[in-house]
Amino acid sequence: MTRIVTVGAAQMGPVQRDHSRTDAVTRMLHLMREAASRRCDLVVFPELALTTFFPRWFVEDIRQADHWYEVQMPSPETAPLFDESARLGIGFCLGFAELTPDGHRFNTQVLVDKTGREIARYRKVHIPGHENHEPDRPFQHAERHYFQPSMDGFGVWNAFGGRVGMMICNDRRWPESYRVMGLQGVEMILCGYNTPIHYVPDPSQDILQGFHNALVMQSGAYQNGTWVVGVAKGGVEEGVDSLAQSMIVAPSGQIVAQALTTDDELITASCDLDWCGRYTGTLFDFDRYRRPEMYGIIASQRGVTHPDGE
Ligand code: CDV
């Protein structure tokens, strides 16, 4: 029996500062219903989907930013997503800022099954940007001020008839993210993102944002024999233009669906999870061909050491 998961990548256009959570949820409900009408098993929303990308502003006293975080999931504002998921019989994955009861702040994605029940929670591992206010920037990317990195790492869960993993935005640029999930037999990785097109530390990368986005997800998919679902919050949000180009990538590395707009848009693909085995059972038969004894420094060393010891 084939194992087909029909997945929807529910790209969102901008969520402006004065848009409420209810505004965002209303848009997501619309996308979810469209996904259900296209027979999706699962619909994936972007990183920090409920609010604007608030790390673009710096506030010294982080408690003044508490209103951007969710202290419960579901909450009265987000419950309609869980209720509609159960009513329609469709799972979903949602990115949000999480403030835990003991005061920890994470950039989080939740995976919910077709009955509206939480399966898993993933907290972002690679936190990009800066810790302190950098007033010379045209806009901030202070994720390192607002979020602590996950201590749990990359999990893989039995869900939707296969093995599903999650990562968030900057995680997709790091080969280790995919490999840690690949070594747990992942078959589909779900990834929301907010990627400003202007990369302040090196603007020469601006024109390459779309290329780099595809490059990392296509190579990660191929090298680990997995489906990858990348979902943007794109368009001009509070004056900052962000990459759209949401895509669904096959284990072959081929893009099978890609968003055309920079706004709310659903793209779908029927993903044969058994296709993963064509890669993980041949070229990338990890057990047969990997040489972990040669890769020790990947797990033991953080930065670069040069051959001359500098
Ligand atoms: N939200 C993100 O993690 N954004 C980052 C930064 C570096 C733009 C990204 O990798 O796309």
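Atoms within a ligand are numbered from 1 in the order they appear, just like the ligands themselves. The first residue of the sequence shown is numbered 1, and numbering continues consecutively from there.
Side-chain contact, Arg173 with Ser177: no donor N or O sits under 3.5 Å from an acceptor N or O.
Residues passing the side chain to side chain contact (heavy atoms under 4.5 Å, CB included) test with Asp152, sequence neighbours excluded: Arg123, Ser150.
Cation-pi check for Arg17 over Trp57 is met; the charged atom lies under 6.0 angstrom from the ring centroid and within 45 degrees of its normal. Cation-pi check for Arg172 over Tyr193 is met; the charged atom lies under 6.0 angstrom from the ring centroid and within 45 degrees of its normal.
For the pair Arg33 and Glu84, the salt-bridge criterion is met [side-chain N within less than 4.0 Å of a carboxylate O].
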Note every protein N or O atom lying under 3.5 Å from an N or O atom of ligand 1, pairing the names and giving the distance.
unit_1, atom_1, unit_2, atom_2, d
ligand 1, 1 (N), Glu47, OE1, 3.0
ligand 1, 1 (N), Glu47, OE2, 3.4
ligand 1, 1 (N), Glu143, OE2, 3.1
ligand 1, 1 (N), Asn194, O, 3.1
ligand 1, 3 (O), Lys124, NZ, 2.8
ligand 1, 3 (O), Glu143, OE2, 3.2
ligand 1, 3 (O), Asn170, N, 3.3
ligand 1, 4 (N), Asn194, O, 3.2
ligand 1, 10 (O), Asn170, ND2, 2.9
ligand 1, 10 (O), Arg173, NE, 2.6
ligand 1, 10 (O), Arg173, NH2, 3.3
ligand 1, 11 (O), Arg173, NH2, 2.9
ligand 1, 11 (O), Thr195, OG1, 2.7

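Checked against the 6.0 Å centroid criterion, the rings of Tyr122 and Phe154 qualify as a close aromatic pair.
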